[in-house]
Number of protein chains: 2
Amino acid sequence: MQPFDPPAADRLVPRAKGRPRAFDRGAALEKALGVFWQKGFAPASIAELCAAMGINPPSLYGAFGNKAQLFLEAVDHYERVFWDETWDAMDIEPDVHLAITAFFAEAAAILTTPEAPCGCVVVLGAINVPAEFQSVADALKALREEGRSLFIARLRRGVAERQLPADTNLEAIANTLHTLLQGMSIEASDGASRAQLDQVAECARALMPAPQSR
Amino acid sequence: MQPFDPPAADRLVPRAKGRPRAFDRGAALEKALGVFWQKGFAPASIAELCAAMGINPPSLYGAFGNKAQLFLEAVDHYERVFWDETWDAMDIEPDVHLAITAFFAEAAAILTTPEAPCGCVVVLGAINVPAEFQSVADALKALREEGRSLFIARLRRGVAERQLPADTNLEAIANTLHTLLQGMSIEASDGASRAQLDQVAECARALMPAPQSR
DNA sequence: AAATTATTGTATCGTTCACTACGTAATGTA
DNA sequence: TACATTACGTAGTGAACGATACAATAATTT
């Protein structure tokens, strides 16, 4: 996990005009993430968010805009802290089989982290949102699409580097890996244990074609 | 799909006391299912349900109890109409590999049905429900658990009938198939095409161990 | 015919929702 | 010191939510 990195405006500008903010914006954002993570976007009320963040509604709206923007900023923070390193590692690992294996092992750990063992907020956070917040659902759908693209790119490289057969159906396998990853979030929110998701991660390896014979 | 089978009280009792119901209870239930299916439990408001069902709130509550009971009855109807046959076929097919293959092919079709190509209402319908409706989430979680059990039972039979290696890790593979199935619902609600889910279904076969050599 | 029972449509009920108006407090700037 | 600017806490806003009270209506039962 990466340390929290507040927006530049929070530390670079020595002093702002007007009354200074009385709460830690980054800490409040993390508290909000905790609420969104465990309850999802719609059931997380402004009142509950404010209670967790230790502030009142006007402070929330002043610092984060509105509920949708707060949610998206919390999700962005979540991705950077919990997933960026894992996705990067998949690209750094030279062997595609090891890369995918390691990714799913780490995913099982993230999805069942003691902090919030309830799946991925990108996958589950904006399911069943009211129509007025459709933009939130669209934004998270776009984030999920990025995950699929990363799988495709990594498998394509595996083929290019002769670690996968030339006739590998890239999209099909990438889609399946992506589908499995999203299913793991539902399992986690249903209370699946770390060991249970580890089993699934182990099985994910079977989706990869055997290394190309020389 | 099976034809709609109304509760016995609707057809066996020739006449009930009091003013007779002025609408078709089964047809109204199917309309409600359509709304719940596309929007999920929480975003489907009583007002919208009533509009789709062609009735007023008092009729809804008189016939179905409350929103939670209406939803659970609609889900039960959904399962019977869309999934019972598919699960049964998995048990009827003698070969476990063919059984799993056929199941996932049919699942891809159901999840992208033109009627509501938005995934499985058992998987997605009760995600992110407010705490006051926790019982609804619990009920659907139990239904999902049944799916996992059916996979386990089918694979266990496959081992007993010597179609799978004796050392097959039943639970791990069944969990993974179940996880993949649930991920397919998210893909479908994200707009995945039938062809895309067919690819995933095809890849699911790779999760099964090769038939035991004699 | 009178009584009983259940369903109907209208018009709400109280609660919770996301969000904000407003006056006050705390800073930098002139 | 006066002013501009921003954040604060209190106390609400209108709207939407799930669920109902009520009187009228239509059926069976006595």
Side-chain angles (χ1 to χ4, degrees), chain A residues 7 9-10 13-29 32 35-36 39-74 126 128-137, chain B residues 7 9-10 12-25 27-29 32 35-36 39-74 126 128-137:
Chain A
D10 263 30
V13 177
R15 267 284 138 238
K17 285 192 301 185
R19 178 173 174 173
R21 185 175 289 127
F23 63 94
D24 183 327
R25 192 180 185 280
L29 183 62
V35 176
F36 282 129
K39 316 195 73 164
F41 175 78
S45 70
I46 296 291
E48 183 173 7
L49 289 164
C50 282
M53 300 164 84
I55 60 178
N56 294 111
S59 297
L60 188 155
Y61 285 88
F64 299 101
N66 56 34
K67 186 183 178 183
Q69 292 174 28
L70 170 61
F71 176 74
L72 292 179
E73 193 170 336
N128 292 346
V129 298
E132 60 183 306
F133 291 105
Q134 182 62 39
S135 63
V136 173
Chain B
D10 262 32
L12 290 188
V13 177
R15 267 285 137 236
K17 284 192 301 184
R19 179 172 173 174
R21 183 176 290 129
F23 62 96
D24 183 328
R25 192 181 186 280
L29 183 63
V35 176
F36 281 129
K39 315 196 75 165
F41 174 78
S45 70
I46 296 290
E48 184 174 4
L49 288 164
C50 283
M53 299 164 84
I55 60 178
N56 294 112
S59 296
L60 188 156
Y61 285 88
F64 299 101
N66 55 33
K67 188 184 178 183
Q69 292 174 28
L70 170 62
F71 176 74
L72 293 179
E73 193 170 335
N128 292 346
V129 298
E132 58 184 305
F133 292 105
Q134 182 61 40
S135 63
V136 173

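Protein chains get the first letters and strands the later ones, always in sequence-line order, with residue 1 at the start of each.
- In this structure, B/Arg25 places its CZ atom 12 Å from P of C/dT8, rounding to the nearest Å.
- Put simply, CE on B/Met53 is 11 Å from P on C/dT8, counting in whole angstrom units.
- Proximity of A/Asp24 to A/Leu29: side-chain heavy atoms (C-beta onward) are nowhere separated by under 4.5 Å.
- For the pair B/Asn56 and C/dT8, the criterion of a side-chain N or O lying under 4.0 Å from OP1 or OP2 is not met.
- A/Ile55 has its CD1 atom 9 Å from the P atom of D/dG9, to the nearest Å.
- A pairwise comparison of heavy atoms in B/Arg25 and B/Ala63 identifies NH2-O, 3.0 Å as the closest pair.
- Atom pair B/Leu49:CG and D/dA16:P shows a separation of 17 Å (rounding to whole Å applied).
- A/Phe64 places a side-chain heavy atom less than 4.5 Å from the side chain of A/Glu73.
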Can you tabulate the close N/O pairs, meaning under 3.5 Å, that link protein atoms to atoms of nucleotides 21-26 of chain D?
{"from": "D/dT25", "atom 1": "O2", "to": "B/Arg19", "atom 2": "NH1", "distance (Å)": "3.2"}

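- At whole-Å resolution of the value, CD1 in B/Ile46 and P in D/dA15 are 21 Å apart.
- Applying the side chain to side chain donor-acceptor pair (under 3.5 Å) rule to A/Gln69 yields no partners; only residues at least two apart in sequence or on another chain are considered.
- Atom P of nucleotide D/dT28 and atom CZ of B/Arg21 are separated by 15 Å, given to the nearest angstrom.
- Looking at DNA chain D, the stems built from 3 or more consecutive Watson-Crick or G-U wobble pairs, each pair with its key distances under 3.5 Å, are C:1-30 with D:1-30.
- The only option from B/Leu60, B/Ile55, B/Asn56 that meets the side chain to side chain contact (heavy atoms under 4.5 Å, CB included) definition with B/Pro58 turns out to be B/Asn56.
- Listed nucleotides C/dA11, D/dG9, C/dA18 differ in distance to A/Ser59; the shortest reach to its side chain belongs to D/dG9.
- In plain terms, the two heavy atoms of A/Ala126 and B/Asn128 that are nearest each other are N-ND2, 4.2 Å.
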For residues 39-50 of chain B, which side-chain donor-acceptor pairs fall under 3.5 Å, sequence neighbours excluded?
{"from": "B/Lys39", "atom 1": "NZ", "to": "B/Glu48", "atom 2": "OE1", "distance (Å)": "3.1"}
{"from": "B/Lys39", "atom 1": "NZ", "to": "B/Glu48", "atom 2": "OE2", "distance (Å)": "3.1"}
{"from": "B/Ser45", "atom 1": "OG", "to": "B/Glu48", "atom 2": "N", "distance (Å)": "3.1"}

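- For DNA chain C, the residues of residues 60-68 of chain A within the heavy-atom distance limit of 4.0 Å (strictly under) are A/Tyr61, A/Asn66, A/Lys67, sorted by number.
- Proximity note for B/Lys17 (side chain, C-beta onward) versus D/dC8, D/dT28, C/dA11: the nearest is D/dT28.
- Sequence neighbours left out, not one pair with a member in residues 57-66 of chain A passes side-chain hydrogen bond (donor to acceptor under 3.5 Å, both in side chains).
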